[in-house]
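Here, residue 1 is the first one in the sequence, and each next residue gets the next number. All values below were derived from every heavy atom in this structure, side-chain atoms included, with hydrogens, water molecules and symmetry-related copies excluded. Predicted model, so just to flag it, every value in this text is computed and none were measured.
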Amino acid sequence: MSRTVETNAPAGTSPAPARKKHRKAVVALVLVAALGGSGALAAIRPWEQHGTASAQPPVSHGTVAVQKGSLSTGIQVGGALSYSTPTPVITSGHGTITALPAVGAVVKAGAKLYEVDGRPVVLLTGDRPMWRDLGPDISDGPDVEQLKRNLIRLGYADGLGLTADQKFTRATVIAVKRWQKALGEKQTGTVSLGSVVMLPQAAVRVQQLGAQLGSVLGATAVMTVSGTDLVATAQPADNQLSQFKPNGRVTVKLADGSTIDGRIRSLVRGGTGEGGDNGSDGADKTTVTIALDHQRQAKQAGPSSVTVTVVGETVSDALIVPVTALLALDGGGYGVQVVSGATTRLVRIQLGLVADAKAQITGDVQAGAQVVIPK
């Protein structure tokens, strides 16, 4: 239960010498804690300043219970939950777009991503876009190796002894024909330019469409796709960046109040990082991208605002008071005023961790005891 204590000097008198000597040990405290971005409040004790009745009117003070729990330092930065690695899909070849996926659809490697002139354009995995037809008479190249890796991964090379090298062999032709048969396409053994899209991800989520049905292929993106995993992104201030270390662990608080642990995956100066467009205001900032430990929990929340916390030093099972309860003692150290019945007593304490306007204390104080704070 909260209490109110009123303190005033007797009218027309000054404090007795003994009382003045005792009070000399207690001075006004201004405690400023800047621990990893956690703001601490300043505590000024007006009732510790002595004077005449006319200069020192009665002052009310509240009380608060000493808590027992955990306390930690850390940096908190606002951020966002979004799908990772937005990538524009720019096609090769000619023709008219005759089918598009729905926004939010997930397409795996080997499946149709969209359709041109009634024929499927298939998603395959690779870092290198196609620039030519791939068939029996072409020269060796890394694009052939990339195609063969996909045919092996998708199972169309089973039993052929196909290896992922840069030669378009007879076994490669057979694997391509198997793949074309599975797609319902004419079995030519040649992969035409524009019939596949090579992207680094093994599966993508359609984030945004950039073309409409009936559009003619051109240099603009047909769509923008992303990875299928949600990531958290944040843009800390420059003086906070030292706390965000590659592969460092962080905690992400979702909009519903739940938390997910994560790992710092990348720090990118300027641009938008992996999580999407953060607007022009973030062009000169560093975007931190965080891989999350639990995708199911993240996807229940969906794209939304989050708070990213880098946890620093932590204590548990600690006695905790607001920093406004602390008094700086003459000669060093700190104390608190503990309420005992109708009076208070000054108790010297040892100060531990300070974070988020709270302080860890040890000394002759019990959890649940009422200590004086300014009201």
Side-chain angles (χ1 to χ4, degrees), residues 1-10 14-51 55-76 240 243 251 309-375:
M1 176 179 295
S2 179
R3 301 190 183 188
T4 299
V5 181
E6 293 194 357
T7 306
N8 63 304
S14 59
R19 177 176 176 83
K20 186 173 182 180
K21 182 177 181 180
H22 173 72
R23 287 302 187 185
K24 186 179 179 181
V26 184
V27 298
L29 167 67
V30 177
L31 181 64
V32 178
L35 299 176
S38 299
L41 301 177
I44 307 296
R45 292 303 177 81
W47 64 91
E48 299 299 343
Q49 301 171 4
H50 301 290
Q56 183 70 30
V59 179
S60 294
H61 315 294
T63 63
V64 68
V66 177
Q67 302 293 321
K68 195 167 190 177
S70 299
L71 190 64
S72 65
T73 61
I75 294 175
Q76 288 191 337
Q240 298 173 321
Q243 302 296 321
T251 299
T309 301
V310 181
V311 178
E313 185 180 355
T314 301
V315 293
S316 58
D317 201 30
L319 294 178
I320 301 171
V321 297
V323 295
T324 52
L326 301 175
L327 293 166
L329 303 181
D330 195 11
Y334 296 93
V336 294
Q337 284 186 310
V338 179
V339 177
S340 299
T343 63
T344 62
R345 61 188 178 94
L346 178 64
V347 177
R348 178 181 288 273
I349 55 91
Q350 288 74 50
L351 184 62
L353 191 65
V354 179
D356 196 25
K358 299 176 183 178
Q360 174 197 10
I361 63 170
T362 55
D364 186 19
V365 182
Q366 302 295 321
Q370 296 289 319
V371 294
V372 179
I373 59 171
K375 203 170 183 180

| query | Any chance CD of Gln366 has more than 12 other-residue heavy atoms, nucleotides or ligands included, within less than 6.0 Å? | reply | no

| request: Could you pull out all residues at least two apart from Thr314 that satisfy side chain to side chain contact (heavy atoms under 4.5 Å, CB included)? | output: Ser72, Val311

| remark: dist Ile320:CD1 -> Gln67:CD (nearest 0.5 Å) comes out at 8.0 Å

| task | Not counting sequence neighbours, which residues clear side chain to side chain contact (heavy atoms under 4.5 Å, CB included) with Val371? List them please. | result | Val64, Val66, Val321, Ala325, Val336, Val338

| request: Would you give the length of the straight line joining atom CD1 of Ile373 to atom CD of Gln370, rounded to the nearest 0.5 angstrom? | output: 9.0 Å

| task | Output the distance between atom OG1 (Thr362) and atom CD1 (Ile349), rounded to the nearest 0.5 Å. | result | 7.0 Å

| query | Considering all heavy atoms of both residues, which atom of Ser340 and which atom of Arg345 are nearest to each other, and what is their separation? | reply | OG-NE, 3.4 Å

| request: Provide the closest heavy-atom pair for Leu329 versus Gly335 in the form atom of the first, atom of the second, distance. | output: CG-N, 3.9 Å

| For the student: nearest non-hydrogen atoms of Leu71 and Gln360, plus distance | CD2-N, 3.9 Å

| field | Distance-minimising heavy-atom pair for Ala367 and Lys68 | value | CB-CB, 4.1 Å

| message | Run the side-chain hydrogen bond (donor to acceptor under 3.5 Å, both in side chains) test against Arg348 and tell me which residues pass, sequence neighbours left out. | response | none

| message | Restricting to non-hydrogen atoms, name the atom on Val354 and the atom on Thr73 that form the minimum distance, rounded to 0.1 Å. | response | O-CG2, 3.9 Å

| remark: Looking only at heavy atoms, the pair that brings Ala359 and Leu326 closest together is CB-CD1, 3.9 Å

| field | Distance, nearest 0.5 Å, that separates CD of Gln76 from CG of Asp356 | value | 7.0 Å

